[in-house]
Amino acid sequence: MVEDWQKLNACRLGLVSSFLWHYKAVGYHEAPPLPVTSKQDESVIFVGAAISALKKDYIYPQAIPSGGLVIAQDAIRTRNIKNMLADDFQPKWGSYFTNIDTVFPYEHKNEAFAQALAFFTDKVKLAPEDLLLRVRSKDEELYQLVQASRWPTVEVDAHPEKYYRHTVGIDDVYGENFNFAVRHKHTGEYCDVGNFIVFRDCGSRQPLFMEVGFGDTVIMQAKYGLPHVTDCYPFPKHPALDQNHKFKDCIITSQAMMREGLMPSSRDEQCKILYKYLRSIYYFADQARLKPQELSKLLHHSEAMIFGNVRAAPVMTELFAAKSGRMEELNRVTLWKLQQQREGR
């Protein structure tokens, strides 16, 4: 009997695979992804988007193939860690996901738009009314593209200008975008899942190249009506995890980093951030009164279920044992600070 987590995980992996095949079938070249801890793109601490894997070999030398590029890039965005231990903080997004992405010459914008819509209708199996296009009317080129499609569900000028702007970590280049949003199966709310972007020269405003990209977990969350994006990943059934999305987020993000050999220290920003995620794991485990053996088992099983094999869990367990005194002291300080915040309200 196939369990629910296996079905859901297969759907997530299938979504990524179908995206790659959808674009390769029409001539896109598949580009290799980078490790999330790669420092090839110096504008970011971790690889947080597929564009980081494409800059050096394709974008900077202006060598984007005429047929376009497609890539599935694992990504880490660490904004959650700043507030992870605050009781009133519930992150909307996860720190770890796969960015399914295409980059292509500007001249192919019409075909690329049609291909993106076909991906959602043919591969994700969405009805047109379940996919919303969010566009700004003053971005005339993109607005006209959307209007000409006669797509039935369009939202115009509902957000400030910065919502329709994109940065790429390249000097003198900015992006104009409209967003794709998928309707959540249970709440009915439209949730942003990706962008259609034209990148331009800041001075001349001439178009340089284009990108269409999505996050796998946000599509999955909306399509299947999941409470949170971390529910896209298979975790062992355990009371400490079932309703604690922050705990799940810290586990999977730490494992993704450590599977590539990263270790916590004060050596650089990557190591410091990993330490914060590990500290949060210890904090949530302590709050749930997990015994060391229980935590070790959870780490081992979650990594095996999510990644298919185990590399980081034994190392994580050894680190927790070695640094337990320091972690416990940090927890005491953290609890004191949280109590001060509550009393100050």
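Since the model is a prediction, treat every value here as computed from it, not as a measurement. Residue indices begin at 1 and follow the sequence shown. Every heavy atom of this structure was used, including side-chain atoms; hydrogens, water molecules and symmetry mates were not.
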Chemist: Under 4.5 Å between side-chain heavy atoms, hopping through other hydrophobics if needed: is there a path connecting Met257 to Met84?
Modeler: yes
Chemist: Could you tell me if the ring centre of Tyr174 sits under 6.0 Å from that of Phe199?
Modeler: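 No, too far apart.
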Chemist: I need the minimum non-hydrogen distance between Met305 and Pro234, along with the two atoms involved.
Modeler: O-CG, 3.3 Å
Chemist: May I ask you to check whether over 12 heavy atoms, not counting those of Lys272, lie within 6.0 Å of atom NZ?
Modeler: yes
Chemist: Could you walk me through whether Phe178 and Val146 pass side-chain contact (heavy atoms from CB on, under 4.5 Å), step by step?
Modeler: CA-CA 9 Å; Phe178 66 80; Val146 169; 3.8 Å; yes
Chemist: Do we get Lys109 above Tyr106's six-membered ring, with its NZ or CZ under 6.0 Å from the centre and within 45° of the axis?
Modeler: yes
Chemist: Check whether the side chains of Gln115 and Tyr28 place a donor and an acceptor atom closer than 3.5 Å, and report yes or no.
Modeler: yes
Chemist: Supply the atom-to-atom distance Glu161 CD to Lys138 NZ, rounded to the nearest 0.5 angstrom.
Modeler: 8.0 Å
Chemist: Under a plain distance cut-off of 3.5 Å, with no hydrogens placed, do Ser95 and Asp249 share a side-chain donor-acceptor pair?
Modeler: yes
Chemist: Please check if Leu290 and Leu299 belong to a single hydrophobic cluster, counting links between Ile, Leu, Val, Met, Phe, Trp and Tyr side chain heavy atoms closer than 4.5 Å.
Modeler: yes
Chemist: Please check if any side-chain donor atom of Asp242 sits under 3.5 Å from a side-chain acceptor atom of Asn244, or the reverse.
Modeler: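 The criterion, which ignores hydrogens and geometry beyond distance, is not satisfied for Asn244 and Asp242.
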Chemist: Please check if atom CD in Glu42 has more than 12 non-hydrogen atoms from other residues, nucleotides or ligands closer than 6.0 Å.
Modeler: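 Check fails, neighbour count at 12 or below.
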